[in-house]
**Q** 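There's a structure below that I have some questions on.
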Amino acid sequence: MSHQFVHGFSSLTQEITCDRLPVKGSVPEWLSGSLLRNGPAQFEVGPHQFRHWFDGLAMLHRFSFHHGEVSYANKFLQSPAYRTAKKTSKISYAEFATDPCRSIFKRVTSAFSPPLLGSNANVNISKMGESFVALTETPLPVKFDPKTLKTLGIVHHDDRLAGQHCTPHPHYDPERRAGINSITNFSAKSSYNIYAMKDGATSRNLIGSIPVKEPAYIHSFSITEQYVVLVEFPLVVNPLRMLMSGKPFIENFQWKPERGTRFFVMRKEDGRVINTYSSETFFAFHHINAFEQGDTIIVDIATFPDASVIDTFYLKKLTALNATIPCTAFSRYTLPLNGSSLTSEVITDEAIELPRINYERNNASDYQFAYGIAINKQHPDDFLNQLVKVDVRAKTARTWYEDGCYPGEPVFVAAPGARDEDEGVVLSVVLDGRKNASFLLVLDAASYTELARAEVSQHIPFGFHGIYTS
Ligand SMILES: [Fe+2]
């Protein structure tokens, strides 16, 4: 495995503001707005190490564009997890794969109290009405100012919707003017609860509920015009055992491949599950898109053969260079609305992770292009080292690769008045492992070739997701 990517897992503690980054090439004049990014940036607290990539303390980054110039700022999210870590030099809240520093006595007693949420929202960024929020898999978003990146506080929901684990990938339904998400309630009677939250509302409304004995770990889902598609992989947990286990969250889940993978299709209008399908076993973090086509539903997912990818992201494995990062497949599932057997195909032989589409125009509808990151086939013994663009109709792919560089999630931004689906740019924060510094890459989305790069004076640890706001 190449060693140059490991900088992406080293902490960045400096918070800076830079009004004008050095730019090579030319950033389109029309690009006027900000790319907001989220991700873990601090992987230890005092002498205590976080164990997993997904555990690091959240940092927000902002790249702003104006008349071809690019500015940059970064700031830690001032969550309870971050503030307490600063104050005590201890890890005080449970994360994805790291438990707080505490005595065995406290460990046992805390099993009977409601979990304390550190709201280390290091996964995604979304808009709730006019507010910008940082999200993780626990249900309390953290509001921040998109200009200053200042943390404004935790958003508390004004409802009694049960659930402890939600996806950090809510969808926006423009027709209903509402966000839609899935939250899993772990209890003696567990369920996946699909809810909607109207723009400007503070309470979530249940659309429908799917009872489940052993809930699965679910990171995202998809929507079509009329339906919600929830996919349940056989990475499951016994909720009551989890309560008593004393293990970090994800380590309570067991891979049970014999169960296969299940697709639930729920009608948004009345919350009724209109169909359930079984497929071969697979695991995924990310749905790519879904849409209705005649009397079928098409669901595109970045699939892994199993859930071992989670283990490869333990920091000890990554930084000791003894992890082989598994590749995804761009898998398309066709679900007949009037039948029970789905079919599947692989769209292209290029892998895709952290997939994005032209969301405003094509989410929940037929589409042609998806963007993502993957491992270059000529340089396979490495971390995610290339950008990919998939044409799902032609079943072809283009890539962007530069030796020693590690791109993050590509965000598509449409050009003003764009007619074509891929008319615009793709923005990606790239770690240059040779220099231990990052740059913001601007690609022409259609040709997938470089237009410009804006260089940052420091490295930006590998993040997950973000949004562009004009
Ligand atoms: Fe994600």
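These numbers come from the heavy atoms of this one structure, side chains and all, not from hydrogens, waters or symmetry mates.
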**Q** Locate the shortest heavy-atom distance separating Gln368 from Asp391; write the atom from each residue and the value.
**A** NE2-OD2, 3.1 Å
**Q** With distance as the sole test, does Asn362 use its side chain to make a donor-acceptor pair with the main-chain N or O of Ser365 at under 3.5 Å?
**A** no
**Q** Starting from the C-alpha separation in whole Å, work towards a yes-or-no answer on side-chain hydrogen bond (donor to acceptor under 3.5 Å, both in side chains) for Tyr172 and Asp199.
**A** CA-CA 10 Å; Tyr172 188 71; Asp199 286 353; 2.6 Å; yes
**Q** For a ring pair (Phe, Tyr, Trp, His ring centres under 6.0 Å) with Phe221, tell me which candidate from His169, His287, His171 qualifies.
**A** His171
**Q** Using a 6.0 Å distance limit plus a 45 degree cone around the ring axis, check whether Lys150 lies over the aromatic ring of Phe144.
**A** no
**Q** Hey, what's the ring geometry for Phe5 with Phe462, parallel, tilted or perpendicular (30° and 60° as the breaks)?
**A** parallel
**Q** Is any side-chain heavy atom of Asn193 closer than 4.5 Å to one of Thr184?
**A** no
**Q** Is it the case that the side chains of Gln254 and Glu214 hold a donor-acceptor pair, with the cut-off being a distance below 3.5 Å and no angle test?
**A** no
**Q** What do you reckon, are the aromatic ring centroids of His165 and His219 less than 6.0 Å apart?
**A** no
**Q** What about the rings of Tyr217 and Phe96, do their centers lie closer together than 6.0 Å?
**A** yes
**Q** The test is side chain to side chain contact (heavy atoms under 4.5 Å, CB included); show your working for Leu440 and Phe65 and say whether it passes.
**A** CA-CA 11 Å; Leu440 189 277; Phe65 308 91; 3.7 Å; yes
**Q** Heavy atoms only: give me the nearest Ile375-Leu384 pair and the separation to one decimal.
**A** CG1-CA, 3.9 Å
**Q** Determine, using ring centers only, whether Phe263 and Tyr333 are less than 6.0 Å apart.
**A** yes
**Q** Does the separation of the ring centres of Trp400 and Tyr371 fall below 6.0 angstrom?
**A** no
**Q** When the ring centroid of Phe50 is compared with that of Phe43, is the distance short of 6.0 Å?
**A** no
**Q** Would Asn185 and Gln164 satisfy side-chain hydrogen bond (donor to acceptor under 3.5 Å, both in side chains), going step by step from the backbone distance to the final call?
**A** CA-CA 6 Å; Asn185 181 32; Gln164 304 82 19; 3.0 Å; yes
**Q** Determine whether Ile310 and Leu235 make a side-chain contact, defined as any pair of heavy atoms from C-beta on separated by less than 4.5 Å.
**A** yes
**Q** Are the ring centres of Phe249 and Phe54 closer than 6.0 Å?
**A** no
**Q** Assess whether side-chain hydrogen bond (donor to acceptor under 3.5 Å, both in side chains) is satisfied between Ser447 and Asp444, documenting all intermediate values.
**A** CA-CA 6 Å; Ser447 63; Asp444 171 59; 2.7 Å; yes
**Q** With a cut-off of under 6.0 Å to the ring centre and 45° to the axis, is Arg51 in cation-pi contact with Tyr314?
**A** no
**Q** Mind running side chain to side chain contact (heavy atoms under 4.5 Å, CB included) on Tyr359 and Tyr468 for me, showing each step along the way?
**A** CA-CA 11 Å; Tyr359 190 91; Tyr468 179 83; over 6 Å; no
**Q** For the ring pair Phe283 and Phe285, is the centre-to-centre distance below 6.0 Å?
**A** yes
**Q** Go through the steps for Glu292 and Thr224 under the test side-chain hydrogen bond (donor to acceptor under 3.5 Å, both in side chains), then give the verdict.
**A** CA-CA 6 Å; Glu292 291 155 38; Thr224 70; 2.6 Å; yes
